[in-house]
Amino acid sequence: MAKPLSGGRRPLQFYPPVYPRAMVELNAVVCHINTPSDFYIQLVDNMEYLLLNSKLQDFYSQEGLGGLEVFCPSLEQACAALFEDKVWYRAQIIGFPGNRLVEVRYVDFGNKKILPLSDVRKLKDEYFALPAMAIQCCLADLKPVSSTESWSAECKERFRKLAEQKLMSAMATEIVPRLQALPVRLFEVNEDTGQSTDIAELLVEEELACFRKGVKPQALSVEPAVWDPPFEGLLEGEGDGEAVALSRPQRRALRRGTPRTSTPTSSCPKT
């Protein structure tokens, strides 16, 4: 089920990610980081996505699969794209560097990569059933210490070390329009003690960032929950279905499925 665009001439696209409710703590993997005001999370307690991704791997990994090659790619075209881990993921074509290369964004993780056209396949309609899973976020109320409003290399690297590819507790602090970065607070929870560390507060304590208006956020009253929108409600953006909790092995399996880069500065072009 794809989203047709005006005139029927532009390619079918993924539905945008479904934003969670505000003030609800959810389990999420921080799957890609550009800066503290531009990074992506994926909510992990979603069985429908795990099943869809497993089915996609089984289909596109078949040997001798023909008829799905992309010969004339178009901008914003949805596709299946190979990553450097030799696994296929849902993606969208966002650029044409030349020499039969295309730039894609992995819509369930947020990162980008330049690939030869031979590593791209047409996407079957059934893989449009779920919206893009990567939610673009920013750390709520945080800004650079620099007066130029640009993040230092030290701050970006520290943020990556603290959060990238890690399972976190994430909480949206407000509701924003679709396609706008979602303000969140990220917490690293110690499973042994149950204590949590606010990532934004840690960056401020290390003098790598500061809070807007110089005010440190107060402790928030939150509603702990597991957010797993039912399949039927995803296209309408509804997320009040029964919660499904993942086991630790399932969470580890999901993290292994996240497109990773050994050298983020070269393998994942920045937005």
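- With sequence neighbours excluded, no residue forms a side-chain hydrogen bond (donor to acceptor under 3.5 Å, both in side chains) with Arg121.
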(message) Working note: Leu51 + Glu48, criterion side chain to side chain contact (heavy atoms under 4.5 Å, CB included); need CA distance, chi angles, decisive distance, verdict.
(response) CA-CA 5 Å; Leu51 294 172; Glu48 284 83 7; 5.8 Å; no
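- Nearest heavy-atom pair across Lys156 and Asn34 is CD-O, 3.4 Å.
- Leu26 approaches Pro20 most closely through the heavy-atom pair CD1-CB, 3.3 Å.
- Of all non-hydrogen atoms in Leu142 and Pro36, the two that sit nearest each other are CD2-CB, 4.4 Å.
- For the pairing with Phe83, the ring-ring contact (aromatic ring centres under 6.0 Å, His included) check across Trp88, Tyr60, Phe109, Tyr106 returns one residue only, Tyr106.
- The heavy-atom pair separating Ile33 from Ala163 by the smallest distance is CD1-CB, 4.2 Å.
- Looking at residues two or more places apart in sequence or on another chain, you find no side-chain hydrogen bond (donor to acceptor under 3.5 Å, both in side chains) involving Glu157.
- A salt bridge links Asp108 with Arg90: the closest approach of a Lys/Arg side-chain nitrogen to an acidic carboxylate oxygen falls below 4.0 angstrom.
- In this structure, the side chains of Leu130 and Phe14 stay at 4.5 Å or more apart for every pair of heavy atoms.
- A heavy-atom distance below 4.5 Å is not found between the side chains of Cys137 and Leu186.
- Counting non-hydrogen atoms of neighbouring residues, nucleotides and ligands closer than 6.0 angstrom, the CD atom of Glu207 reaches no more than 12 such neighbours.
- Side chain to side chain, Gln136 and Asp38 meet the donor-acceptor criterion of an N or O pair below 3.5 Å.
- Geometrically, Lys143 does not engage Phe211 in a cation-pi contact, judged by NZ or CZ lying under 6.0 Å from the ring centre and within 45° of the ring axis.
- Between Leu202 and Leu162 there is a side-chain heavy-atom pair separated by less than 4.5 Å.
- Residues Thr173 and Val184 have side chains not in contact (no heavy-atom distance under 4.5 Å, counting atoms from C-beta outward).
- A side-chain donor-acceptor contact under 3.5 Å links Ser169 and Glu25.
- Residues passing the side-chain hydrogen bond (donor to acceptor under 3.5 Å, both in side chains) test with Ser37, sequence neighbours excluded: Thr35, Trp151.
- In this pair, Phe159 and Phe39 present their aromatic rings perpendicular. The plane angle is above 60°, beyond the 30 to 60° band.
- Annotation: side chain of Gln165 is not in contact with side chain of Val30 (no heavy-atom distance under 4.5 Å).
- Here the side chains of Ile199 and Met168 are in contact, with some heavy-atom distance below 4.5 Å.
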